[in-house]
Amino acid sequence: MNFRKFLTSLTVAGLATFTLAGPASNVAKADSVTTINVAAPNGNAPYIINKDGKAGGYYGALIQKIDKDLPQYEFKTTFTSQNSVFVGLQSGKYDLALSNFWYNKERFKNYLHTNATGLDDLRLVERKGGKTADSLAEVAKKKLKLEPVSTDDARYSVIVNYNNSHPNNKIDLKGIGDQTTGDALKQIAEGKYDVAIYPYAAYKSVATTKEGKNLRVSKSIGQESSYFLLHKSEKNRKAVKAINKELTKLYKDGYLEKLTTKYLYENTFKLPGASKNFGAENNK
């Protein structure tokens with residue numbers, strides 16, 4: 001329990017001693033704090049960083065802010081593999097999935113989702129001196145070998161959507177299980193694959209490593225809004241309303257923009273079309 005919530009409980013306990021309701025009232029008030037079990041995937045810096053079991057990075061800072069501003073909720077984070085995140089979310093073991101999850105028709109159907117939590121700048125990552133492209137159409141036309149993408153990752157859907165819209169100029173897309181950004185980009189640097197599709201911040205998180213120095217990025221090829229996903233339950237439907245109200249406030253007062261600048265290496269909210277693209281999927 002954070003300090004603010006401790007003070008809230010302490011105040012309630014103090015008031016209870018001056019009412020006729022007695023100890024039972026104190027218990028009822030203490031029970032008013034609802035726990036939201038949060039699942040975060042390992043290996044997704046700088047969006048999520050496991051700091052001895054506590055969430056750091058962009059979404060770690062964001063969930064801590066939400067936790068502080070919503071005293072009626074307590075958010076408890078557990079780190080696990082991305083596959084386990086979705087298995088646990090589907091079963092109800094976890095209430096909320098914490099990461100930069102982009103729009104996916106099936107995900108929005110199978111889970112509750114919040115308003116947009118961030119905006120990613122999508123790029124192509126390639127090996128210096130290797131084959132290059134500045135658009136998905138070029139990747140397909142030049143028949144570049146795309147790094148396999150986890151089928152649980154929304155980047156997979158980005159390529160599927162492109163292929164569906166361009167049946168005569170498709171990208172050869174192969175699925176894979178869990179894979180960290182570092183491992184994937186290492187294979188690009190070593191020349192095993194020609195190109196990978198990643199947010200700019202994911203590339204920047206490894207750019208100064210030995211393998212990262214052998215990489216380059218394309219110009220921006222698009223923007224993707226991210227969302228929190230939640231298990232469908234009445235408790236979580238109520239939580240989504242409170243979280244959405246908070247996210248709206250944090251967007252309007254510039255807090256999301258400050259977090260983006262601090263953690264994601266650029267201010268994506270200043271990119272051309274950002275105001276139109278941010279949260280656009282909520283209208284689908």
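Every value quoted in this text rests on a predicted model; they were computed, and no experiment measured them. Along the sequence shown, residues are numbered consecutively beginning with 1. Side chains included, hydrogens not; waters and symmetry mates left out as well; all remaining heavy atoms used.
Within a 6.0 Å radius of NZ in K65, more than 12 heavy atoms belonging to other residues, nucleotides or ligands are found. Within 6.0 Å of the NZ atom in K232, the count of heavy atoms belonging to other residues, nucleotides or ligands exceeds 12. Summarising the local packing, NZ of K142 is surrounded by more than 12 heavy atoms from other residues, nucleotides or ligands at distances under 6.0 Å.
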Test salt bridge (Lys or Arg N to Asp or Glu O under 4.0 Å) on K249 and E246 and set out the steps. CA-CA 5 Å; K249 183 194 78 172; E246 174 70 2; 3.4 Å; yes
What do the steps show when you test V85 against L229 for side chain to side chain contact (heavy atoms under 4.5 Å, CB included), and what is the final call? CA-CA 10 Å; V85 167; L229 303 174; over 6 Å; no
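The six-membered or imidazole ring of Y263 lies away from that of Y59, with a centre-to-centre distance of 6.0 Å or more. The ring of Y227 has its center closer than 6.0 angstrom to the ring center of F108.
Contact of the F278 side chain with the S225 side chain is registered, since non-hydrogen atoms from C-beta on lie closer than 4.5 Å. Annotation: side chain of V217 is not in contact with side chain of L124 (no heavy-atom distance under 4.5 Å). Using a 4.5 Å heavy-atom cutoff, the side chains of I48 and F79 are in contact.
In plain terms, the two heavy atoms of H231 and Y94 that are nearest each other are CB-O, 3.6 Å.
Looking at K235 and D95, a side-chain N of the basic residue comes within less than 4.0 Å of a carboxylate O on the acidic one, giving a salt bridge.
Side-chain contact check for N44 and Y58: no donor-acceptor pair (N or O, by modelled atom type) lies under 3.5 Å.
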Show the atom names and distances, to 0.1 Å, of all donor-acceptor pairs under 3.5 Å that link a side chain in residues 184-195 to residues at least two apart or in another chain.
| from | atom 1 | to | atom 2 | distance (Å) |
| --- | --- | --- | --- | --- |
| Q187 | OE1 | Q179 | NE2 | 3.3 |
| D194 | OD2 | K145 | N | 2.7 |

